[in-house]
Every structure is written in C-alpha cells, then in structure tokens.
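Just below is one structure, and these are the notes that go with it.
This structure is a prediction, so every number in the text was calculated from the model and none was measured.
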Amino acid sequence: MTSNTTSDLQAQFEALKAQNLNLDMTRGKPAPEQLDLAADMLTLVDGDSYRDEFGTDCRNYGVVDGLPAAKTFFGAFLEAPADQVFVGGNASLTLMHNVIMRAMLFGVPASPRPWCKEDVVRFLCPVPGYDRHFNICREMGMEMIPVPMNDDGPDMDRVAQLVADDATIKGIWCVPKYSNPTGAVYSDAVVDRLASMKTAAPDFRIMWDNAYAHHPLYSETDPLKNILEACEQAGNPDRVYHFGSTSKISFAGSGVSALATSPTNFADLMSHVKMETIGHDKINQLRHLRFFKDMDGLKRHMQKHADILRPKFEKVVEILARDLADTPGVSWTTPRGGYFITLETAPGLAKRVVALADELGVKLTPAGATHPNGHDPDNRVIRLAPSMPSLAAIEQATAVTALCVKLAMAERD
Ligand SMILES: Cc1ncc(COP(=O)(O)O)c(C=O)c1O
C-alpha cells in the first residue's frame, strides 16, 4: 500500500474522530422493536386466568419439569418427545452451566467417577465460538481444546481423532444452527459423525446449544438434522443434551428455557433438579403458551423478527463488500440466521482494528472473545452484532470498521 493511501486513510480517520461518534456493535441483544412484538404476552395472564387446562394453579409451587402443555410445546421446539423435555427458568445458559456443574460434582450416567475427581477434564471448543461456553469451562477448571469451525460445522476429522484416543476429553460445545459467531449450519454428515464417532470417554457429552434454531433471516429456513435421534440410531442415546430458549423470541430477560435429552439422562437430571427448585416460573410458561399457541405461531412470530433483522445484516454485508472487496486476507460471513457476523482481518490485526474503532467511538467485541481464554492465536476474528443498533448506526459503524481494517493494514505495511 502506498504512503499516499495511508495518509488518505489517516485523514479519513481524523475526520471521523472529530465527529465524536458513539456506536456499539458488541451486543447480541434484540432491539426494542423486537421486544415490542411480544408486548401482548404481558397481559395474557391476570388475576382470573392463572390456571392451565388441567386446573393447575400456576401461581403455586410444583410441576418441577414444566407444565404438560409447556413440555409438549418445547418438545416440538426441540424436536424431542415431550416426556424427555425439561422446562426451566429464563436462561438456557443456566441449564448448560448446571449440567456441567453437576457433571463435575456427580458425573453423568456412565461416568466412572465425578468429573472433578479426574486429574484433568478437557472439552472441545469449536472456534470461533461463544465466549460464555468458554467461561463455564474456565470456571470449572477444564482445559479447552480449540478445534477449527468450518462452514458446515467443526472439523470432524480433527474432532474424531481427538476423542478416539483421549479419555480426558469429556465433551464438545456446539451451536449447530446459525452459530455464534459465524452463522454456520451443521451439515447432516457432521451431525451423523458427532452422533456415531468412537469416544475414549464412556461419558462423553455433546452440549448442543441450539440457541438460534428458530431464528432465520429469510422465509426459507435451513434444515438441521435431529441429533437426539441420530445419537439413538448410532447406539449412543445418552450422548447429547439439547438446549434452547425463547430469549430472542419473546423477551431476552424473561423468556423460557428448555432441555431435551435421553430418558436416562432425563431421570438423572431430575434427581438433581428436585434438590434445587420446587418449580420454575409457570406463570411465564402459561404466558408463552397463550401467546404462541404452537410452533406455527412461533414461526410466524420469528418472521416478524426476521423482517427487522434482515435489513441490518444485509447492510453490514453491503458496506463490507463496498469497502473491503478485494482487500487481501479479509473475509466475512453472510449468515442466513442468528445474531452475528464474523469478520476476519488479515492475520495479526484484529486487536488493532478494535482499538482503532474504539478511538473513533465505535465499540466492537474485544478481539479474542471468540476463542478459549480470550486468545485468538491468529488475532484475526472480530464478531459483529448488528441486532441492537439502528440501520443508520449500523451503516456508520460498519464503514468505520472497514476503514480501521484498511488503516491497520496500511500501518502494518
Ligand atoms: C450461542 C448462545 N447460547 C446461549 C445464549 C444465551 O441464551 P439464554 O438467554 O437462553 O441463556 C446466547 C446469547 O447470546 C448465545 O449466543
């Protein structure tokens, strides 16, 4: 790159600095107008309508695994039999955290001993991935092994080779549909290999965090093979815990979470859950059942979300293509659903890009957040979250990001 170009870029940088921007592309939260879509839910249960169809008083204790209708609803949501579904509180992250914590304390069915009694517990972490999964592993003292994430799921040759020989590898994190942060959807072949691969650990578990299962950006959605069935068919019925929630469907702070798993895992889970609660929030379950009615209702609702989100995602991709096309070593994903876009800079530049953007008043997710222990060895992945800002803010923030990519490259050269 010529010095002229560098000085041009620097001049643009200084001009933008003078604008004192204050933009934020870090938050994978629904925008207020998305939350407004479910506003009517708040009035669907009142002082006269707190019973379910069996007459259960939802204000009271009890029904620890969820209202029968909620189990049926989330059975359809997770594509699992209702009697294998546990309906929890507002956060699927809590369900995931607790599954891992109980595995550490007690083990899971087929564990030779509690995981905390092992000398070392390792977990596979497809990268780039979701920082809160990595935080759970770090909190529990697990060793995280990054494996590359491809367009159709994790690099399965690498995964299969690692788990076949190493009994300390107890599991893998997966966000199988519109993944955080690349938007990838796992192929049938990847699902089948995960379900059937030979694992040295008898108690290997797949943490199937299907957070974006029902979050398409387009009317035509993308299929995902049913992993619970695939595990059953492969003779490994207890291998998977499948998680989901309505956090980005109804209200991010007041949704309903659910988990589906094998009958053996389910019985084990309930034996512990009964110690920790006398029942989750059934009033909220009732609100959700009355609002969505069934999966057709939920899918119709999610098309309204898509109508809000799609222009935002398309704007990011449009600006990146306009400003960074043919920039060597730079690429980005074009998700068909979910909440994130991944931008890859040339190697070694992501942190500098984030710092430059920060100087211009544009907050980006810290570089490295997409990798275990906050360390992206190539220092090139940046997660963009277009859901929350307005379209105008997204346009400006993406243009600033693109300028910072070019400036970081110019500085390097
Ligand atoms: C992959 C993934 N899993 C889980 C969550 C959190 O889900 P919940 O609100 O149900 O805890 C998020 C939120 O960003 C996410 O991206």
Atom pairs and distances, side-chain donor-acceptor, residues 182-189, under 3.5 Å, sequence neighbours left out:
{"from": "T182", "atom 1": "OG1", "to": "S179", "atom 2": "OG", "distance (Å)": "3.0"}
{"from": "T182", "atom 1": "OG1", "to": "A184", "atom 2": "N", "distance (Å)": "3.2"}
{"from": "S187", "atom 1": "OG", "to": "V190", "atom 2": "N", "distance (Å)": "3.2"}

Which donor-acceptor pairs under 3.5 Å do side chains of residues 89-97 form with protein atoms, sequence neighbours excluded?
{"from": "N90", "atom 1": "ND2", "to": "G253", "atom 2": "O", "distance (Å)": "3.2"}
{"from": "H97", "atom 1": "NE2", "to": "E139", "atom 2": "OE1", "distance (Å)": "2.8"}

Name each donor-acceptor pair under 3.5 Å that joins a side chain in residues 391-404 to protein atoms two or more places apart or in another chain, with its distance.
{"from": "Q396", "atom 1": "NE2", "to": "Q19", "atom 2": "OE1", "distance (Å)": "3.4"}
{"from": "T398", "atom 1": "OG1", "to": "I394", "atom 2": "O", "distance (Å)": "2.7"}
{"from": "T401", "atom 1": "OG1", "to": "A397", "atom 2": "O", "distance (Å)": "2.7"}

Using residues 349-357 as the side-chain source, report each donor-acceptor pair under 3.5 Å to any protein atom, sequence neighbours left out, with the distance given to one decimal.
{"from": "R352", "atom 1": "NE", "to": "E411", "atom 2": "OE1", "distance (Å)": "2.8"}
{"from": "R352", "atom 1": "NH2", "to": "E411", "atom 2": "OE2", "distance (Å)": "2.9"}

Working for ring pair (Phe, Tyr, Trp, His ring centres under 6.0 Å), residues H288 and F73: CA-CA 10 Å; H288 280 73; F73 179 83; 8.1 Å; no

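The ring-ring contact (aromatic ring centres under 6.0 Å, His included) analysis of residues 22-57, with sequence neighbours excluded, yields no pairs. For residues 364-378, no pair satisfies side chain to side chain donor-acceptor pair (under 3.5 Å), with sequence neighbours left out. Residue pairs meeting the ring-ring contact (aromatic ring centres under 6.0 Å, His included) criterion with at least one member in residues 306-356, sequence neighbours excluded: Y212-Y339. Residues in residues 122-174 take part in these ring-ring contact (aromatic ring centres under 6.0 Å, His included) pairs, two or more places apart or across chains: F123-W173, Y130-H133, H133-W173.
Of the inter-residue distances, the one linking M144 atom CE with I136 atom CD1 reads 10.5 Å to the nearest 0.5 angstrom. Between L259 atom CG and N210 atom CG the span is 12.0 Å, to the nearest 0.5 Å. With rounding to the nearest 0.5 angstrom, the CG atom of L343 is 7.0 Å from the CG atom of L324. Rounded to the nearest 0.5 angstrom, K71 NZ and D65 CG are separated by 3.5 Å.
For D166, the salt bridge (charged side-chain N to carboxylate O under 4.0 Å, His left out) criterion is met by R122, not counting sequence neighbours. The side-chain contact (heavy atoms from CB on, under 4.5 Å) test applied to N22 returns K363, not counting sequence neighbours. By the side-chain contact (heavy atoms from CB on, under 4.5 Å) test, K17 pairs with F13, E14, E359, L360, sequence neighbours left out. Partners of E232 by salt bridge (charged side-chain N to carboxylate O under 4.0 Å, His left out), not counting sequence neighbours: none found.
Looking at R205, its side chain never comes within 3.5 Å of a backbone N or O of I100 through a donor-acceptor pair.
Residues N284 and R287 have side chains that bring a donor and an acceptor to within less than 3.5 angstrom of each other.
A salt bridge is defined here as a Lys NZ or Arg NE, NH1 or NH2 lying under 4.0 Å from an Asp or Glu carboxylate O, and D222 with K177 fails to meet this definition.
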